[in-house]
Amino acid sequence: MQPKRHAAILRILEEAGSATIVALAGRLGVSAETVRRDLKALADAGEVSRSHGGASLAAGQGEAPFRRRMRENAEAKQAIARTLAATIRNGDTLMMDTGTTTSFLARALAGHARLTVITNSTDAARILAPGAGNRVLVPGGQFRPDSGAILGEEAVAFVARHSAQVAVISAGAVDGGEVMDFDPAEATFAAAMLARAPRRVLATDAGKFGRRGLVTVCRLRDLTELVTDAAPPAAVARNLRAGGAMLTIAQA
């Protein structure tokens, strides 16, 4: 149970920034003394900073750009994650890339069981691995300490050897008929995932619409679904319809 509690504490601190021992004990359903022991272990590992009566993420963890992005449009991303998680069944096999929305999806899937998850996100892997009967597969490759992504040719080759029922990608930008990103390695990994699943989902908040990225991941017509938090621009909707993709608007 201890690794599960540690992961849960880190999730709470990621979302709230800090929390009291009393609040953590209430959320976790354990005693304050148990929380104190957990916080000591996490502090010894350098993951949290303890304060009188509570804790927060360690400075190096909390100030990382990826963690700051987790707070941007967080409610919308959480709604998208909950909506998508509700369509994934216990026992499913899915692929997930690294992104803030897919990190929220991992959190929304924490109650699922017997999932097989293929991901280059060490954040998603950490959250989902303790789940009941879950199996999490991660590739080798270059580790990015900010986002926790594993990228490169070895990671792409790993994905190409596997198949899944559903592949979920995030996006840096969505414009017209294209899903785009700002990092070529991330775009290549996401495109490789889409080639390995019949259900191909883009999970992104509406803030990405109308933006141009550096490199194209795929065309909107290559997707089977878009899950977002607001109606997309006309050009995006038109290209989704052209490919027969389903549009789902998540409600906060």
Side-chain angles (χ1 to χ4, degrees), residues 64-67 69-70 72 77 80-81 84 92-106 109 115-128 136-205 207-228 232 236 239-240 242-243 245:
F66 185 81
R67 292 186 184 275
R69 293 198 301 273
M70 286 288 286
E72 296 173 359
K77 294 172 184 177
I80 292 166
L84 181 52
D92 278 355
T93 299
L94 65 149
M95 294 183 174
M96 300 168 55
D97 70 355
T98 300
T100 55
T101 305
T102 44
S103 278
F104 279 118
L105 175 61
L109 288 169
L115 296 174
T116 297
V117 182
I118 300 159
T119 182
N120 71 330
S121 168
T122 55
D123 181 59
R126 173 179 61 82
I127 291 163
L128 292 172
V136 178
L137 308 177
V138 295
Q142 179 189 7
F143 176 71
R144 299 276 184 86
D146 168 25
S147 64
I150 301 171
L151 296 165
E153 293 181 3
E154 189 176 350
V156 171
F158 177 85
V159 166
R161 295 195 299 270
H162 294 83
S163 296
Q165 291 160 309
V166 55
V168 182
I169 67 168
S170 52
V174 181
D175 189 47
E178 294 181 297
V179 179
M180 308 186 78
D181 214 317
F182 298 95
D183 186 313
E186 292 186 1
T188 299
F189 186 87
M193 285 198 330
L194 293 175
R196 305 303 300 164
R199 183 182 175 196
R200 301 174 297 280
V201 184
L202 170 62
T204 189
D205 65 275
K208 305 299 192 307
F209 296 143
R211 297 173 61 181
R212 296 290 297 175
L214 176 65
V215 59
T216 298
V217 177
C218 67
R219 299 173 302 171
L220 283 169
R221 64 182 60 191
D222 296 327
L223 301 170
T224 61
E225 298 170 51
L226 167 62
V227 184
T228 187
V236 170
N239 279 285
L240 285 172

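Just so we're clear, the structure is a prediction, and the values are computed from it rather than from any experiment. Values below: every heavy atom of this structure, side chains too, minus hydrogens, waters and symmetry copies. One is the number of the first residue; the rest follow in order along the sequence.
Counting heavy atoms from C-beta outward, V201 and V227 have side chains that approach closer than 4.5 Å.
For S170, the side-chain contact (heavy atoms from CB on, under 4.5 Å) partners two or more places apart in sequence, or in a different chain, are D97, T102. Annotation: side-chain contact (heavy atoms from CB on, under 4.5 Å) contacts of A81 (sequence neighbours excluded): F104, L105, A108. For the side chain to side chain donor-acceptor pair (under 3.5 Å) test, no residue two or more places apart in sequence or in another chain qualifies with S121. Taking D92 as the reference, I88, R89, L115, Q165 meet the side-chain contact (heavy atoms from CB on, under 4.5 Å) condition, with sequence neighbours excluded. By the side chain to side chain donor-acceptor pair (under 3.5 Å) test, S103 is found to be paired with D123, residues two or more places apart in sequence or in another chain being considered. For the side chain to side chain donor-acceptor pair (under 3.5 Å) test, residues two or more places apart in sequence or in another chain that qualify with T100 are K77.
Within the structure, ring-ring contact (aromatic ring centres under 6.0 Å, His included) contacts touching residues 147-189 (residues at least two apart or in different chains) are F158-H162. Screening residues 147-168 for salt bridge (Lys or Arg N to Asp or Glu O under 4.0 Å) gives no qualifying pairs among residues at least two apart or on separate chains. Residues in residues 176-200 take part in these side-chain hydrogen bond (donor to acceptor under 3.5 Å, both in side chains) pairs, two or more places apart or across chains: T87-R199, R144-D183, S163-R196, E178-R212, E178-T216, R199-E225.
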Could you walk me through whether V179 and I169 pass side chain to side chain contact (heavy atoms under 4.5 Å, CB included), step by step? CA-CA 10 Å; V179 179; I169 67 168; 4.3 Å; yes
Could you check L151 against N120 for side chain to side chain contact (heavy atoms under 4.5 Å, CB included), going step by step and ending with a plain yes or no? CA-CA 7 Å; L151 296 165; N120 71 330; 3.3 Å; yes
Taking it one step at a time, do L109 and L128 satisfy side chain to side chain contact (heavy atoms under 4.5 Å, CB included)? CA-CA 7 Å; L109 288 169; L128 292 172; 3.8 Å; yes
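The two residues A124 and T119 have their closest heavy-atom pair at CB-OG1, 4.2 Å. Taking every heavy atom of both residues into account, P184 and V215 meet most closely at CA-CG1, 3.8 Å. Between T204 and A171, the shortest heavy-atom distance links the atoms OG1-O, 4.1 Å. Smallest separation of non-hydrogen atoms from I150 and A155: O-CB, 3.8 Å. Closest heavy-atom contact between T98 and A149: OG1-CB, 3.4 Å. C218 approaches L223 most closely through the heavy-atom pair SG-CD2, 4.0 Å.
Atom OG1 of T93 is separated from atom CD1 of I118 by 6.5 Å, given to the nearest 0.5 angstrom.
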